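All remarks here apply to the structure that follows.
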Amino acid sequence: MEKIILDTDMGIDDVFALLLSIYSKKIDLKAVTTVEGNCILENANKNALKILEMSNCNNIPVYSGMDKPLQVEGVYAEYVHGKNGIGGVEYTLAKTQVEEKSAIDYLVEETSKYPNEITIVAIGPLTNIALAVQKDPDFVKNVKRLIIMGSAEGAGNVTPDAEFNFYRDPHAAKIVMESGFKDIVLVGLDVTNRIPLTKKLEEMLLNINTELSKFLYKATRMGAEFDRNEGLDGLILNDPLTIAYLIDNSVLKLKNVDVEIETDGEKRGKSIIKNSDNSNYKFAYDLDINKFYKILFSEIFPENTEIINQYIK
Ligand code: RIB
Ligand code: CA
């Protein structure tokens with residue numbers, strides 16, 4: 001099993017990534033660390049605690065992280081995720097609380113306790129990861145692998161150049177990309193824009209007809225409307241592709257790259273991707289769309305594979 005820490009800003013696509021981490025038998029989710037991004041940190045914490053409670057996983061701890069970027073003014077994505085991060089869907093708060101220890105201290109201490117064993121999956125702005133790098137010089141060495149949802153070789157989704165996670169904290173993205181992690185996999189918009197929650201998949205969620213599937217349908221309405229207005233075929237399921245890759249790495253095609261990050265000006269957050277044979281950073285340039293959908297929905301809804309197989313061949 002792949003031991004992971006999920007570092008997340010708990011928007012709606014983050015929810016799919018968290019659920020996949022919880023339900024997949026190939027993933028051992030050690031903890032969730034939260035960062036402000038899609039929504040304010042307080043709501044990211046509430047969302048993480050609620051999804052864990054809904055999944056009967058109160059044993060998985062949540063550590064609260066940074067509520068602002070390293071240098072720039074924070075931006076949010078409430079137009080996709082709603083003010084509360086879960087498409088505005090109201091819910092009763094979980095009975096659990098976040099841990100006393102900070103996310104940065106947990107990231108440093110846990111990877112130091114288990115060197116080379118833990119993969120960090122970062123699906124929000126990279127503020128926590130950058131601060132862990134600055135806090136302990138051994139952190140980079142102790143992390144087995146870093147899978148990042150972020151970057152765009154082509155068009156961005158916040159500006160024509162920048163993807164949201166890198167745009168919100170470009171200085172953190174620069175620190176992380178320049179810190180020498182032994183293995184980074186970048187999952188960017190060039191592949192994630194090709195995996196929307198289509199109308200057929202929305203219909204499938206309704207036909208599965210469980211509390212969870214109906215919750216996910218409701219929570220995705222705001223994002224689906226926004227992304228369709230942007231000309232996409234539904235809410236883009238960016239974050240769970242990182243977890244699907246850990247479950248079955250044949251879902252992505254990767255190339256070795258060097259990555260530079262623009263931190264200032266109108267190109268703030270732009271990731272400049274250059275092919276490179278002598279880099280241990282890998283960039284996803286293609287994916288198996290059907291395989292992704294099959295992994296995502298059959299892992300989260302194992303009792304409903306008959307319905308899923310009618311929609312995903
Ligand atoms: O650009 C998409 C990324 O930004 C996703 O992680 C989404 O949840 C937002 O955090
Ligand atoms: Ca996210």
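We count ligands from 1, going down the list as the structure has it; atoms in each ligand are counted the same way. Nothing here was measured: the structure is a model prediction, and the numbers come from that model.
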ring-ring contact (aromatic ring centres under 6.0 Å, His included) involving F164 - partner list, sequence neighbours excluded: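 F164 satisfies ring-ring contact (aromatic ring centres under 6.0 Å, His included) with no other residue.
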Any side-chain donor paired with an acceptor under 3.5 Å for [X] and [Y]?
X: N58; Y: K95; value: no
X: D7; Y: T33; value: yes
X: K50; Y: T92; value: yes
X: N309; Y: K294; value: yes
X: Y285; Y: E153; value: no

For a 4.5 angstrom cut-off between non-hydrogen side-chain atoms, does P125 reach D9?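 Yes, close enough: below the 4.5 Å cut-off.
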Return the set of residues passing side chain to side chain contact (heavy atoms under 4.5 Å, CB included) with T119 (not counting sequence neighbours), or none when no residue passes.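 T119 satisfies side chain to side chain contact (heavy atoms under 4.5 Å, CB included) with E2, I4, V121, K144, R145, I147, L246 once adjacent residues are dropped.
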Have a look around the Ca ion (ligand 2) and list protein N/O/S atoms under 3.0 Å, or say none.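 Short answer, with waters excluded from the count: D9 OD1, D14 OD1, D14 OD2, I123 O, D239 OD2.
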Can you list every pair where an N/O of ligand 1 is under 3.5 Å from an N/O on the protein?
residue	atom	partner	partner atom	Å
ligand 1	1 (O)	N157	ND2	2.8
ligand 1	1 (O)	E163	OE2	2.6
ligand 1	4 (O)	N165	OD1	3.3
ligand 1	6 (O)	I123	O	2.9
ligand 1	6 (O)	N165	ND2	3.1
ligand 1	6 (O)	D239	OD1	2.6
ligand 1	6 (O)	D239	OD2	3.1
ligand 1	8 (O)	D13	OD1	2.6
ligand 1	8 (O)	D13	OD2	3.2
ligand 1	8 (O)	D14	OD1	2.9
ligand 1	8 (O)	N38	ND2	2.9
ligand 1	8 (O)	D239	OD2	3.1
ligand 1	10 (O)	D9	OD1	3.3
ligand 1	10 (O)	D9	OD2	2.8
ligand 1	10 (O)	N38	OD1	3.3
ligand 1	10 (O)	N38	ND2	3.2
ligand 1	10 (O)	N165	OD1	2.9

Going by salt bridge (charged side-chain N to carboxylate O under 4.0 Å, His left out), D286 matches just one of K291, R194, K255. Which one?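 Only match with D286 under salt bridge (charged side-chain N to carboxylate O under 4.0 Å, His left out): R194.
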